[in-house]
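See below for the structure under consideration.
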Amino acid sequence: MSENFELAYKEFYPVLIRVAYRITGSMEVSEDLCQEAFIRYYERIDKIPTGDQAKYWMIRVVKNLAFNHEKRKGRERNAYQKHYHEPKAEIINDGEKGLMEDESKKLVQGALMKLPYKMRVVLSLKEYANLNYKQIGEILKISEGNVKIRVFRARQKLSEILDKGDVYVP
């Protein structure tokens, strides 16, 4: 068995390395792909016919490995380009950003507490609990229309309290 493998290696390797190199354009990658092909050949040596049939099988294996390598490389390249060539969001100093967010949260929380109870409850359920109008109506036992009106009025009142623009919103 090892004699057959040695003979196959000596006979097939030059052809396989050329096939892989023509597809990948990299000798290092081609050598790795040929090594993988010979590992597969060795695992199936007793199932593969000898001679030209074995050679053709090996060429198909190397060709498929090389094409798969190139596809994977293309996907990686596309992912890289997508990630690094997309427009970046404006970068703000993390310390400054954190401070502004904390101040804004305090201002909004204070303004929220100034709202009448009925407005504060519906706005809190809508914005912080992410409930829809129907769910809020069922919880508070009021109509969906009434919920919409209260949320609208609460947002208006909150906006007046905050004087539009004094709050940093990331």
Side-chain angles (χ1 to χ4, degrees), residues 1-109 112 121-139 144 147-148 151 155 158 165 167-170:
M1 185 161 119
S2 66
E3 290 175 8
N4 289 344
F5 183 78
E6 256 184 76
L7 289 172
Y9 183 83
K10 288 178 183 176
E11 184 182 340
F12 303 161
Y13 185 79
V15 174
L16 299 177
I17 197 76
R18 283 195 305 269
V19 169
Y21 181 74
R22 293 291 176 221
I23 295 171
T24 64
S26 167
M27 189 55 76
E28 185 178 331
V29 171
S30 299
E31 289 170 353
D32 289 344
L33 295 176
C34 286
Q35 181 179 3
E36 175 66 26
F38 277 107
I39 290 170
R40 291 181 184 191
Y41 175 74
Y42 186 77
E43 291 171 346
R44 294 172 184 84
I45 198 164
D46 49 343
K47 297 175 187 173
I48 299 171
T50 57
D52 286 344
Q53 292 301 317
K55 183 177 181 179
Y56 300 146
W57 184 86
M58 291 288 292
I59 290 171
R60 277 195 310 275
V61 168
V62 165
K63 177 185 64 107
N64 290 337
L65 288 170
F67 282 139
N68 289 341
H69 176 269
E70 289 302 300
K71 280 191 233 174
R72 188 173 42 256
K73 194 167 83 173
R75 285 192 300 267
E76 290 170 358
R77 187 181 317 112
N78 289 342
Y80 171 83
Q81 288 174 343
K82 183 179 179 184
H83 178 73
Y84 287 103
H85 295 295
E86 286 182 348
K88 302 289 187 236
E90 183 179 329
I91 297 173
I92 298 177
N93 182 335
D94 285 341
E96 179 183 347
K97 181 180 175 184
L99 183 63
M100 291 174 75
E101 286 175 354
D102 287 346
E103 288 178 13
S104 295
K105 286 178 186 176
K106 288 177 186 174
L107 285 172
V108 170
Q109 197 65 22
L112 196 58
V121 169
V122 293
L123 193 59
S124 295
L125 291 172
K126 178 72 178 142
E127 299 299 329
Y128 298 109
N130 293 320
L131 298 175
N132 62 37
Y133 295 121
K134 184 176 180 180
Q135 293 168 325
I136 296 170
E138 289 172 4
I139 290 170
E144 191 175 333
V147 173
K148 289 179 183 179
V151 168
R155 286 180 178 152
L158 189 65
V167 178
Y168 167 74
V169 179

Heavy-atom pair with the smallest gap, counting every atom of V62 and A20: CG1-CB, 3.7 Å
Rounded distance [0.5 Å steps], CD1 in I59 versus NZ in K55: 6.0 Å
Pairing residues for Y9 by the ring pair (Phe, Tyr, Trp, His ring centres under 6.0 Å) criterion, not counting sequence neighbours: Y13, F38
Basic-acidic side-chain contact under 4.0 Å: E70, K73: yes
Validation row: E31, M27 side chains within 4.5 angstrom (heavy atoms): yes
For R44 against W57, the heavy-atom pair lying closest together: CD-CZ2, 3.9 Å
Separation of E144 CD from Q135 CD (nearest 0.5 Å): 10.0 Å
Where S26 and S30 come nearest, the two heavy atoms and their spacing: O-OG, 2.7 Å
Point-to-point distance, once rounded to the nearest 0.5 Å, from CD1 of I23 to CZ of R18: 13.0 Å
side-chain contact (heavy atoms from CB on, under 4.5 Å) between R155 and K126, worked out: CA-CA 11 Å; R155 286 180 178 152; K126 178 72 178 142; 3.9 Å; yes
Atom pair CG (L123) and CG (L158), whose distance is rounded to the nearest 0.5 Å: 6.0 Å
R40 side chain near L65 side chain, heavy-atom distance below 4.5 Å: yes
Where V122 and I136 come nearest, the two heavy atoms and their spacing: O-CD1, 4.0 Å
Beyond-backbone contact of V151 with Y133, side-chain heavy atoms, under 4.5 angstrom: yes
Atom pair CG (L16) and SG (C34), whose distance is rounded to the nearest 0.5 Å: 5.0 Å
